[in-house]
Amino acid sequence: QVQLVESGGGLVQAGGSLRLSCAASGRTFSSYDMGWFRQTPGKERQFVAAINWNGRRIKFADSVKGRFSISRDNAKNMVYLQMNSLQPEDTAVYYCNADVAMLTLRPGGYWGQGTQVTVSS
């Protein structure tokens with residue numbers, strides 16, 4: 001099993017940047033494909049980005065391609081989401097996810113508590 005804790009959210013103006021971090025506990029972290037999802041009130045949680053266990057496969061939602069990047073540090077049990085050129089429509093609660101399916105981009109069974117990102121216009 002793995003426990004996940006996100007950090008790095010906050011309020012930023014449009015065009016700004018934020019870096020989200022996800023700290024994972026558990027000895028098997030490096031074996032998990034990891035992902036970020038986001039959710040706004042009244043809507044389903046949506047895929048944002050995913051990275052496979054060794055960092056060699058990365059996928060993004062079309063809405064964030066070219067603006068967001070994802071990385072991981074298996075030695076530190078960390079996953080990061082660098083978000084640039086943020087827009088108001090990026091406003092959401094962002095969740096870290098473990099054991100994401102890289103083929104279907106469906107989330108795995110492990111979630112963090114989420115971190116709020118608010119982008120003002």
Side chain proximity check, Tyr95 to Val48, heavy atoms < 4.5 angstrom: no
Lys/Arg-Asp/Glu bridge criterion (N-O < 4.0 Å) met for Asp33, Arg57: no
So, for Leu105 and Ala50, which heavy atoms are closest and what is the spacing to 0.1 Å? CD2-CB, 4.5 Å
Of the non-hydrogen atoms in Ala92 and Thr40, which two are nearest, and what is the gap between them? CB-CG2, 3.7 Å
Could you grab the distance from atom CZ of Arg45 to atom CZ of Arg38, nearest 0.5 Å is fine? 13.5 Å
State, to 0.1 Å, how close Val93 and Gly114 come at their nearest heavy-atom pair, and which atoms those are. CG1-CA, 3.9 Å
For Val100 and Gly35, which heavy atoms make the closest approach, and how far apart are they? CG1-N, 4.0 Å
Using 0.5 Å steps for rounding, measure from the CG atom of Asn97 to the SG atom of Cys22. 9.0 Å
Can you pull the ring pair (Phe, Tyr, Trp, His ring centres under 6.0 Å) pairs that have at least one residue in residues 37-78, sequence neighbours excluded? Phe37-Phe47, Phe37-Trp111
Has Arg72 got its NZ or CZ under 6.0 Å from the middle of the six-membered ring of Tyr80, at an angle within 45 degrees of the ring axis? no
Can you find a heavy atom in the side chain of Ile70 that is under 4.5 Å from one in the side chain of Gln82? no
Just verifying a value: how many Å separate Ser21 OG and Leu81 CG, rounded to the nearest 0.5 Å? 9.5 Å
Pairs under 3.5 angstrom only: tabulate donor-acceptor contacts from the side chains of residues 7-20 to other protein residues two or more places apart or in another chain.
unit_1 : atom_1 : unit_2 : atom_2 : d
Ser17  : OG     : Asn84  : OD1    : 2.9

Decide yes or no for Tyr94 and Met83: does some side-chain heavy atom of the first lie under 4.5 Å from some side-chain heavy atom of the second? yes
Rounding to 0.5 Å, atoms CG (Asn77) and OG (Ser30) come to a distance of 7.5 Å
Sub-3.5 Å donor-acceptor pair from the side chain of Lys59 to the main-chain atoms of Met102, do we have one? yes
I need the minimum non-hydrogen distance between Ser31 and Thr28, along with the two atoms involved. OG-O, 2.6 Å
Quick one: are Tyr110 and Gln1 in side-chain contact, heavy atoms under 4.5 Å? yes
Side-chain donor or acceptor of Arg67 paired with backbone N/O of Ser63 under 3.5 Å: yes
side-chain contact (heavy atoms from CB on, under 4.5 Å) assessment of Met34 paired with Cys96: CA-CA 7 Å; Met34 300 294 296; Cys96 182; 3.7 Å; yes
The criterion is side-chain hydrogen bond (donor to acceptor under 3.5 Å, both in side chains); which residues satisfy it with Gln46, sequence neighbours excluded? none
Non-hydrogen side-chain atoms of Phe29 and Val79 separated by less than 4.5 Å: yes
Identify the heavy atoms of Ala98 and Val2 that sit nearest to each other, and give their distance. CB-CG1, 3.6 Å
